[in-house]
Structure formats: structure tokens, C-alpha cells
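Below is one structure, written out as C-alpha cells; comments come after it.
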Amino acid sequence: MTPPATARPVFLVGSRDDEHISHLARRIEALGVETLVVDTLAFPGQTRLALTEGLDGITVNGQRLGVPGAVYLRSVYTHPLAFGVDADEDMDADWRTTLVAFREKATLLRGLLGRWEALGVPFYNPESTSWRIQKPLQLALLAQAGLPVPETLWTNDAEAVRRFAAGRRVAYKPVGGGAATRALGPEDLSEDRLAALSAAPVTFQSLLPGEDVRVYVLDGEVIASIRILSQAIDFRQNEERVESFALPPEVAAQCLRATQVLGLRWTGMDLKRDAEGTLRILELNESPMFLGFDARAGTDILGHLARGLVQAARA
Ligand code: ADP
Ligand code: MG
Ligand code: MG
């Protein structure tokens, strides 16, 4: 499997300490294509970036970069709350300056990624699709396309919650992230409890009691489908059995359609069965973790992704 001499390197954007980055780098190099890690967690502390006004005027750690063949975007770590970032001390000392520094970092990194996108480099996934990934838009786009999503309400309006919850089981969870999903109980509908909505909006969703399913899609193909059998409402709290299984063709078609609607080249989707047995789409993640699923379900998402990136870099 010798790649043509024209295969340009694959850039991996994220932290060198993230196993998804290090494992991918190794697999891609084993296929004969160079990789370069742009360590965004170590920027600006250690990673040195220099951009000039030329679209391709990009230097990393003193090395002038050529245009990448493909980019894998794991994380840019542009918020103190981002998974993997530890900004507690800086935030405690001076939260305002710390937030400004994060915003400066984010602006430069978004500009950098945007340059490669403007140069036509294939991205897994491009920043330009991020706006569609916000769940209150994402699920609406999927519903609009006729795909099965749970009935959902994103709100800070207590009255709207009471109406939504009347006569059915409801799950609630954050709009953006940071907490687990829970079942809504009668105590949650009290005046006091609902007053918390004036601090932040919440997602309320028809509660799906069935099995959890994770589907990975890459370049228009389902590359893995896994089911998670658990008693807990949020499977991350209490995994029981994780196994690879064959997706019914109509569900596979829905997953491909959903990926296309959101403009993703690659995704890990969460689905869950409703009381009638229909698999409903909870979300598509734009930078899903996959090593844990490979280890537990015996899938080879890593291999698929490495080959996909190499193929994109050779095209
Ligand atoms: P996140 O972005 O935090 O992963 P998800 O929508 O995927 O958000 O929810 C996390 C998990 O919580 C799901 O995989 C599922 O196990 C559980 N969950 C989420 N929504 C519901 C729901 N409407 N009914 C039952 N369980 C749910
Ligand atoms: Mg999820
Ligand atoms: Mg998610």
C-alpha cells in the first residue's frame, strides 16, 4: 500500500496527550503518510504559531507548513470549561484576563482552521458546519428532513415546561453540556425548582426508555454500529454491555441522511429506542471519541478513520 509521492501530510489538531490523536498518528504513519500534530491544548503556552497575511503563511514551532492533505479536528480547547482544559488557577486569579486570553486564542485558531478550509482541504470536521451542530438547531434540521427525533423543548419558560410534561414521561438535560440526563419527577415541577430556569435554559425531552445505540458514519458510510445495554438513564453513568450489531438498512439510511443534512464527513451519533421500539436520533457529535468503543465492542473505528484520512490526503 504505497501512497503516491503526492500524498500530503495529514494534520491532527488537538492535544498530543489525547490518545485519539496519538493512536491516529501512528495508524496513519503506518499507512505511509506523514502526520503533523498541531497541539492546540499546548497553545499558546508551548506551541508557537506565526501567521502572516498570506493565506498559506503559517509557521508552527518555527517550521513553515505546506498545505495539508486532510485535517482531523479533535479539539481546539478554546474555553476554560472545555474537556481537558485546566484553567482553574488562572480563572481564580483573574477571570477577566483569562477569558480574554481564551478569546484571543480562539480567534487565532479559528482563523488558522478557516485558512485550510478556504484552501479546499478536506476537514473531519470543518468548523464551518459547527453552527448547525448546536442541538436546538441540529434536531430541528433533522426533524425538518423527516428523520425521527424525540419531541423536545428547549426553554427557560416554566409554563411551557408544565404543558410539555403533562401526561408523559420526560427526560431533562443541559442544552450544551456539563451534566447528565435525568428523569423529570413531580418535584421538578414545583415553583422553586422551575425558578432555576431564570439562571439557564434546559432541554426537556420525551423520555425514551429503550436501548442506547451509537453509530459512526465516515465519508457517507456506516463504519460501526454499537448498542449499549444499561439500566441507567444516561449510559455514561452505568454501562453494562457494549456490543457491535447490524443496523437495520432503514436505520442506516437515516443515519447517512442525518450526517448529510448536518454537513458532516464524520460523526458518532447517539440514538435511543422509544416505547414503541423506534430508534430516535438524540444527537450527532462532530468530534466523537471512539477508542473506548473499539476496545469494548471490538470495532475498528480507528482503522476506518485512519484510512479515510489517508484517502482524502491522496485525492
Ligand atoms: P450528550 O451530548 O451529553 O451526550 P445526549 O443527548 O446524547 O447528550 O444524552 C446523553 C445520554 O443521556 C444519551 O446517550 C442517553 O443515554 C440519555 N438520554 C438523553 N436523552 C434522553 C431521552 N430523551 N430519554 C432517555 N434517555 C436520554
Ligand atoms: Mg451523546
Ligand atoms: Mg454530545
Side-chain angles (χ1 to χ4, degrees), residues 14 18 20 73-76 79 81-84 124-125 129-143 147-155 161 164-185 188 200-217 224-243 245 247 251 254-255 258-259 262 264 266-293 296-297 301:
D18 180 336
H20 291 84
L73 174 54
R74 174 77 186 107
S75 180
V76 279
H79 197 280
L81 291 176
F83 181 76
Y124 294 75
N125 279 300
T129 57
S130 279
W131 62 276
R132 265 177 285 196
I133 302 305
Q134 308 306 318
K135 284 184 191 160
L137 173 59
Q138 171 180 151
L139 287 199
L141 290 173
L142 299 181
L147 293 162
V149 299
E151 282 183 67
T152 310
L153 176 72
W154 294 270
T155 191
V161 177
F164 184 81
R168 65 164 136 194
R169 294 177 74 197
V170 169
Y172 70 99
K173 58 187 174 183
V175 180
T181 305
R182 296 212 225 151
L184 191 80
D188 292 312
V202 172
T203 308
F204 300 88
Q205 201 161 56
S206 151
L207 190 143
L208 309 176
E211 70 180 346
D212 277 287
V213 169
R214 171 52 78 102
V215 177
Y216 288 87
V217 175
S225 42
I226 295 153
R227 61 177 161 216
I228 302 109
L229 307 160
S230 162
Q231 298 303 324
I233 179 164
D234 186 328
F235 73 73
R236 290 164 301 192
Q237 308 292 303
N238 183 9
E239 288 174 39
E240 283 180 1
R241 214 165 84 223
V242 176
E243 62 188 26
F245 83 114
L247 218 50
V251 178
Q254 288 170 346
C255 291
T259 307
L262 298 182
L264 298 169
W266 133 259
T267 188
M269 309 178 52
D270 291 323
L271 300 96
K272 205 169 192 300
R273 263 185 225 288
D274 68 15
E276 284 73 47
T278 302
L279 274 174
R280 295 192 176 269
I281 302 172
L282 290 174
E283 63 159 346
L284 280 74
N285 292 289
E286 58 184 334
S287 177
M289 301 205 230
F290 51 86
L291 291 173
F293 282 110
R296 300 194 58 190
I301 301 159

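As the structure lists them, so they are numbered: ligands from 1, and atoms in each ligand from 1. What you see is a predicted model, and the numbers here were worked out from it, not measured in a lab.
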Margin query: With nothing but distance in play, are any N or O atoms of L282 less than 3.5 Å from an N or O of ligand 1?
Written below: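 No.
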
Checklist line | N/O separation below 3.5 Å, N285 to ligand 1 | finding: no

Notebook entry, point to check: For ligand 1, which atoms sit closer than 4.0 Å to a heavy atom of L207?
Noted result: 24 (N)

Notebook entry, point to check: Counting from 1, what ligand 1 atoms have a heavy atom of A171 closer than 4.0 Å?
Noted result: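 Going through ligand 1 atom by atom, the ones under 4.0 Å from A171 are 22 (C), 23 (N), 24 (N).
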
Margin query: Hydrogens and angles aside, do S130 and E286 bring a side-chain donor and acceptor to less than 3.5 Å of each other?
Written below: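 A pair is found: one side chain offers a donor N or O, the other an acceptor, under 3.5 Å apart.
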
Checklist line | R168, CZ atom: more than 12 neighbouring heavy atoms under 6.0 Å | finding: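 Counting neighbours around CZ of R168, more than 12 heavy atoms of other residues, nucleotides or ligands fall under 6.0 Å, so yes.
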
Next item on the list: Could you pull out, from M269, Q205, R273, E283, the option with a heavy atom nearest to atom 23 (N) of ligand 1?
Entry: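 Of the listed residues, Q205 has the closest heavy atom.
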
Note to self: Please state which option from E211, K173, K135 has its nearest heavy atom closest to atom 8 (O) of ligand 1.
What the structure shows: K135

Check: So, D270 and the Mg ion (ligand 3): N/O/S under 2.8 Å, yes or no?
Finding: no

Check: Should F83 and S75 count as side-chain neighbours, where that means a heavy-atom distance under 4.5 Å?
Finding: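 A side-chain contact is absent here, since even the closest heavy-atom pair is not under 4.5 Å.
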
Checklist line | Closest approach of L284 to I133 (non-hydrogen atoms, all atoms of both residues) | finding: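 That closest heavy-atom pairing would be O-CG2, 4.0 Å.
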
Notebook entry, point to check: Hey, are D212 and R227 close enough for a salt bridge, meaning a charged N less than 4.0 Å from a carboxylate O?
Noted result: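 The answer is no: the pair does not qualify as a salt bridge.
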
Check: Does E211 pair with K272 as a salt bridge, N-O distance under 4.0 Å?
Finding: no

Check: Any non-hydrogen atom of P209 lying under 4.0 Å from ligand 1?
Finding: no

Notebook entry, point to check: With respect to the Mg ion (ligand 2), what is the nearest N, O or S atom of E283?
Noted result: OE2

Next item on the list: Record the part of P174 in heavy-atom contact with ligand 1 below 4.0 Å; permitted values are side chain, backbone, both and neither.
Entry: neither

Note to self: Nearest 0.5 Å, please: how far is CG in L262 from CH2 in W131?
What the structure shows: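 Between W131 CH2 and L262 CG, I get 9.5 Å after rounding to 0.5 Å.
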
